[in-house]
Amino acid sequence: METKYLKYILIFWVMVSTSACEEMLDTEVKSSITGQNYWKTENDFVPYLFSIYARNRTMVADNMIRVGEERGELWEEGYNNRFQFWDQNLTPGTTYDWTTFYGTIGHCNLLLEQIESFGFTNQSLKNRVKAETLALRANTYFFLARVWGDVPIVLNSVEDEDTPLYPRSPVAEVFNQINSDISESLELFPENGYQDKYRFSKPAVYALQTDVKMWTASVLGGGNPDFEAAINAIQQVEASGVILLDDYGSIFDTDKNAEIILSIYCDRYEYTSGRINEAFLRFDTSNGADNVAELPIRLAAQQAYAVGPRLLELFEDFPTDKRISRTYIPELYDGVPRKYWANKYRGTEYSDDRTPDSDIIAYRLSGLLLLKAEAYLAMDDLENARIELNRVRTRAGLPDVTETDKTLLGMEILNERGRELFHEGKRWLDLRRAHSSGLINVYEFIPNLIGKTTPLYWPVHTNVLIKNDLLTDPEYQ
Amino acid sequence: MKKTKQNLRQLIMFILFLMVPFVTVWGQTKIKVKGTVYDENDALLPGVSVVVEGKSIGTVTDFDGDFSLEVLDSDILIFSYLGFVTKSVPVKGQSIMTIKLMTDFQQLDDVVVIGYGTQSRAKVTSSISKVGDSELKNIPSVSPAQALQGKMAGVSVPVLSGQPGENPNIVIRGGTTYSPYATTETGGGRQASDPLYVIDGVFRSIGDVNPDDIESIQVMKDAASTAIYGARGANGVIIVTTKTGNSGLGPKITFGYQHGIETQARNFEYLSARQYIETFRPAKLRGIDNYDPQVFLQSAGSTGVPTFNNPGEYGQFKFTTASLSNLVDVEGQPYVDNLLAKGWETMPDPIDASTTLIFKDSHYQDVVWNTANTSNYNLGVNGGSESIDYNVSLGYVNQGGVFLGTNYERFSGLANIGLKVNDRLKLNLNTTYLWNDNQNSESTQNDITRGARIPPLNRLYNDDGLPNLGESNNPRNRLHQLYYQDYNRNTNQFVVRLSADYSILEGLSYRPSVSLNTNLYTRMDFEKFFPEQSSPRSKYQRIDDRKQLMTDHVFQYDKNVGNKHHFMALAGFNFTRNKLFRVIGTSQRSATDIITTITGDPVSTTLPGGVISPNMNASSLFDEEKSASYFGQFSYDLSAKYLFSASIRRDGFSNFAPENQWALFPSVSAGWVVSKEGFWNVDWMNNLKVRSSWGETGLSNLSISDTYGQYSATTYATNSAIYRNNLPNPNLLWETTSAFDVGIDAGLFGNRLNIVLDYYNKLTSNRLASLPLPGETGFSSIKYNVGSLRNSGVELEVGGFIVDSPDFSWHSNFTFAYNKSEVTKLPENTRDNNRIGGGFAYDPKMGEEVEVGGFAEGERPGGLWAWKSNGIFATDEEAAASPIKDLMAIGALLNEPRHGGDVDWADLNGDNVIDGKDIVFMGYRTPDKIGGFQNTIRYKSFSLRINMDYAMGHIINNGSLARGLGQGRSYNEGAPVEAIGNDIWREQGDVGKKYPRIAFGDWDVGRRNHLRFLGSLTGYSDTGLSSSYGVDNSIYYSKGDFLAFREVSLSYNFPVKWCKILNVSNIVLNGGVYNIGYMTAYDGYNPEVYTGYDGGAYPRPRQFTFGAKLTF
């Protein structure tokens, strides 16, 4: 070989390989989206909104029992206890860590910040995305306020590690924020009706507003103005065309039916609910039951929660109530019930196995009618309270209530909510309102609270407290 | 041509003008020297390198140890051969030489790789350990890494899994992270501190290198040796050199076969089916935990006795327990008689003697654990001529696993070819290929930790002959899994590297290289149809195509001034690009079991409610990373007495933001060979070198999403959805480890005994780790430069001949290393010592609550805390008398009385409740003292090796036992023999027991006497164990200190005359036992766990090997 060529090759090689060091480290990014290449077109906003719905679904599905009902009186332990709060033994180590809920709020904040200055060719799309995002944020804060009371209000998205520490704001301020998000959302919706019942719509935001106002009216002492606002909001919902279905069972078996105002999408291939699974039975424990074919049985069910005697008592006087068969089901051996199990969200039985894929109902008309009855009662309008209550009872095949004593009628409404809405994530919150309005004392009413002083709000998690020294939790010192 | 050469030389000389004083040797006459080289036993030594000092003239001795060379009378010949002391002989008129080389087991003078160059061992000023191929001969593992256990001080090689083909993680000098060994048995929580592996100049993994191909493995521990690898060297560098050919030798053909037998080193001892029923049915009946005993006695769990109503039901039920009369009623007497004939047993129900139970003991442990066989073949050809040398080899290994259905197969090939183009240019081509097939357990936790200890009452086969599923898809009957699953994982790896060594002029060389490392990983998984599948006929197919392109350019200049001053300067450049292209396809619900690949049928399924769900899914990923570096190295020594070396490297990595991409890593080192001084006249210490080094190295362990943030995809109501799931941090900087090392190398009694002692101090700052964020941000953490970690320690290696005579020798090597790890700095927060994580505990000594756990400045990472047992209540009365309320039991039992057999927990702060504050410090997950002891005893042609290694200073939680006695999930765990042993509370009045009463669903429905977890009960992070297979309960903790008897092996060299008769040049027979056992206080399966707990992972087998190696 000619050495001179070697020399040229050498020089060439050295030049090529050591030049252009800046470009040398440029890489092609094909498989990831970063903050640098997102938020570039109008089409980037709707997918982001859907991701917040996906998070909202996890929050609702995980908590409809945990926060909505465990601390109430209607459940008892199944064969494989998975309760976290049922025994009212709440500690900073076993409570919720609120990071995931603030994650949802953070996503709302980021979307709202990005959309503010972004010019849309389709203004109504922009308004709708904003309206739904505000509703999701209000909904999340409402959840936080009911679990912890005073919570930090965070309205800016996080950009880096340099984040301010927020103290807990008084619960009233949290509700100011919720109310303002709801009002803004209601103004922004382009239409009055529903586009998709899996998403917030104007009627669904009114339903949320009802829930919020009922809470602030009772628990925070908002009184009549809030009750009036709630009644007004319910009237707006009713005007949207929702009706009471004749067949109670089909409310849970038919997705997005005419009674539903807002529901959470679940499906075998997209999302199944662990909480529903926990109320299912397993074949190996129940295969000897007389009615094994009717039981909600699944291979990997947790059989963690069973129906408690207090629910049965609610139905005791009304054996012909049409709701019974779709509320609970006994596990029978030689005709004798061993335990009773929830029977509302039965999932779907496929050829291979049952799957907990029932949509989860956030708001439906009968729940709102009972809230309306509760509001009228609070404002001493017993006549209207009875009318609304009886609308729900008629569908269930129960006789009209004629009660004229305010307290007794209040108990009728509370009991009716228990019968109508069991397993729908409402009971503990109903009892909280009834406790605040003086109808009941939860420390006497709920078996697991008798003799205890457990606060009604949840403790803040150790992990959360430890990372922010502005946070305190005086109730759980 | 000659003219051109001279022109070139003059040109470059001109460029380097005054730097190079001319030394010329014109005009002397050449003479021819012939000679023969022998070893100390007068055996001929072929392949010895003979070079003229300071020149590129040389040769190699032939088969008969002969050489001949044309030299000048003033030349000095240097004879070197690996494993022998290099010898310099002046020619001085000799024309026939007889040279004798002395064995140098200490290899003090062997050549070591220092970054991009090589250096004589004697001149090295940094900390480098090396093992030669003798340590890698006949090893029973497919990975060379396992053979390093205990052999080099400060190099930790815990083998956590005995799965065939498994690769241990090597951690050098404590690594640079909080948890270099993982915190769960499945590898979770591991913050990698892996060294950089450089295999024949290519960055790749060590696990897939055939140990038979390896010439040497060298570990560079301090920054002075690793700084030249800058960006990647912070955790040390391991350099593997494969065997090359010998020029001037005829072909040498070697063939080796080794057979291995693998057995379980320790048996998992569980109750028999009968004992299980006898133990658990009465325990359940006691009913003091929060469940309905009737439900459990009748139907739930493995010892329930369900009522069967229909014929055929029993024959496919997952447990075999039934009431004899019920079974006769439903299936008839002949059916039952048939069962009894096939091994079914009967016994009276321990809780109701009027009922007879029928059951079958599945002897499940004997089903899933086996004796396995390993075959290992190696064939190689090695040789060369004047201008070419080559080494080609093929290897095939098929390693069986002791756990049913596990296996590892590998086929590998290697070709190293050196080509001497002319006097100045040498080309080297290194190529390796490997294919492997991994039949490993799908998931250690599901298949082994949980799945291998299901109770012996589980049905193995249904009446129709097909395997029974077991409790559920997880854990599952292993026979069912193997029957239905067809899982294939293969790797195809091809590495090719072309390098050149071009001598531009005397002393100046240019060494470029280019390499391509392609790695194709494929997965083809299919599961045949069975009724309980959640997605029927699920198919998963995947291809990962990885390509690493690497190029190096190194200029090196060596210069001697006179006989005293030796200079070496080196400058170079490296560029590395890694690409990954991944395609994954999945499908389900196709029509048949015949086609196991994806066919696209059916396209979709309509679900109830009208939702159409697709049955096929595909995804792909492309990722690219680039790094580039400029480096320089300089070394100088004066008469090999005063040594100095320095290096500098500038590194760039693509995943940092542009302004932070580049960083500079310097190092300096110096040494003084005291024994070469004139004043040194210590007879017994003939060699003494003191050396010291300091340097900085980096780590760039981050992804592009850490710098720029990441948005990910999900779905809601079948709409595609996108969200931000990772916060950006464009301010991330290179992690830097600055390390100081001081060491002494001493040779005693004529180098018969060698001592190497080192002290090091490494400070890793700007650690690339996760910084926890306040919960209100909605993110749990962000990638951040989180504070500093210090690892400091001492290392000792002592090696030498205890006996050294021609017929009998005994060589020993002992290593010891102590490492201290300490968090020195953390980002400012409002807590004491800027603690991250952890919680509060009461300290009885100080009489106050203190913060413990997590990570804090001034503390060693990896501490573990647990609730402390004061003993077991002997009776119900004794338990009832205790005023203490245990808040950690399940809520429903809080107001219930405690019982005999429950744990009397220590109430440290005397507040009469047991909560998160009543925890005590147990110890640390990882050992701080490690080492080993190797012996090679040679008698004539026999060679015996006895190797041991040890680790001290760690604790282990016997989580496996806790799960067995506590039966966490009330269904699926077989009980260990301890359940009926002497240490467990069994009845009222049992005093002084260690273990509490056996429990069913201890965690779900019980007192949590066995199973209690700090993380989920108190929210304290990084304070207790991180897996539910280890428990934060003092009862199950013990020291993990162990001495492992690793190897006893014998090899025998056939006498030369026998070989001659057989017409082979050499035959070696070998046999050995590996992983013989441990001396340890730990009573569980494996003391070699550095995760803090032993949940029962894949046990390391005991291996017996025997084999032969023939050389032609």
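We use all heavy atoms of the structure for the numbers below, so side chains are in, but hydrogens, waters and symmetry mates are not. Naming: A, B, ... by sequence-line order, numbering from 1 per chain.
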Ranked by heavy-atom pairs below 4.5 Å to chain B, first place among A/Val46, A/Thr91, A/Ile264, A/Val158 goes to A/Val158
Quick one: which of A/Gly288, A/Gly106, A/Ala54 has the most heavy-atom pairs under 4.5 Å with chain B, could you say? A/Ala54
With only heavy atoms counted, which part of B/Asn729 is less than 4.5 Å from chain A, the side chain, the backbone, both or neither? side chain
Does any backbone or side-chain atom of B/Gln533 lie under 4.5 Å from a heavy atom of chain A? Answer side chain, backbone, both or neither. backbone
Under a 3.5 Å distance rule, please check whether A/Tyr38 uses its side chain to pair with a backbone N or O of B/Tyr723 as donor and acceptor. no
When A/Ile466, A/Thr95, A/Thr104, A/Thr254 are compared by non-hydrogen pairs under 4.5 Å with chain B, the top option: A/Ile466
Which residue out of A/Phe283, A/Phe83, A/Tyr53 racks up the most heavy-atom pairs below 4.5 Å with chain B? A/Tyr53
Could you check whether atom CG of B/Asn310 has more than 12 heavy atoms from other residues, nucleotides or ligands sitting under 6.0 Å from it? yes
Hey, could you give me the CG/CG distance between A/Leu25 and B/Asn655, rounded to the nearest 0.5 Å? 10.0 Å
Interface moiety of A/Thr462 toward chain B, non-hydrogen atoms closer than 4.5 Å: side chain
Is it the backbone or the side chain of A/Leu471 that comes under 4.5 Å from a heavy atom of chain B, or both, or neither? side chain
For B/Ala717, does its backbone N or O pair with a side-chain atom of A/Glu270 as donor and acceptor, under 3.5 Å? yes
Can you say whether A/Ser358 sits under 4.5 Å from chain B via the side chain, the backbone, both, or neither, judging by heavy atoms? neither
Which atoms of A/Leu465 are under 4.5 Å from chain B, going by heavy atoms: the side chain, the backbone, both sets, or neither? neither
Considering only heavy atoms, which portion of A/Ile105 lies under 4.5 Å from any heavy atom of chain B: side chain, backbone, both, or neither? neither
In terms of heavy-atom proximity below 4.5 Å to chain A, should B/Ile722 be classed as side chain, backbone, both, or neither? both
What part of A/Glu77 gets within 4.5 angstrom of chain B, counting heavy atoms only: side chain, backbone, both, or neither? side chain
Part of A/Asn468 lying under 4.5 Å from any heavy atom of chain B: side chain
Heavy-atom donor-acceptor pair, B/Tyr716 side chain to A/Tyr198 backbone, under 3.5 Å: yes
Check whether B/Leu773 gets within reach of chain A through its side chain, its backbone, both or neither, counting any heavy atom under 4.5 Å. both
If you tally heavy-atom pairs under 4.5 Å against chain B, which of A/Leu110, A/Thr355, A/Leu165 wins? A/Leu110
From B/Ser620 atom OG to A/Lys30 atom NZ, the distance as rounded to the nearest 0.5 Å: 10.0 Å
Between A/Thr27 and chain B, with a heavy-atom cut-off of 4.5 Å, which part of the residue counts as in contact: side chain, backbone, both or neither? both
So for A/Thr94, is it side chain, backbone, both, or neither that comes closer than 4.5 Å to the heavy atoms of chain B? both
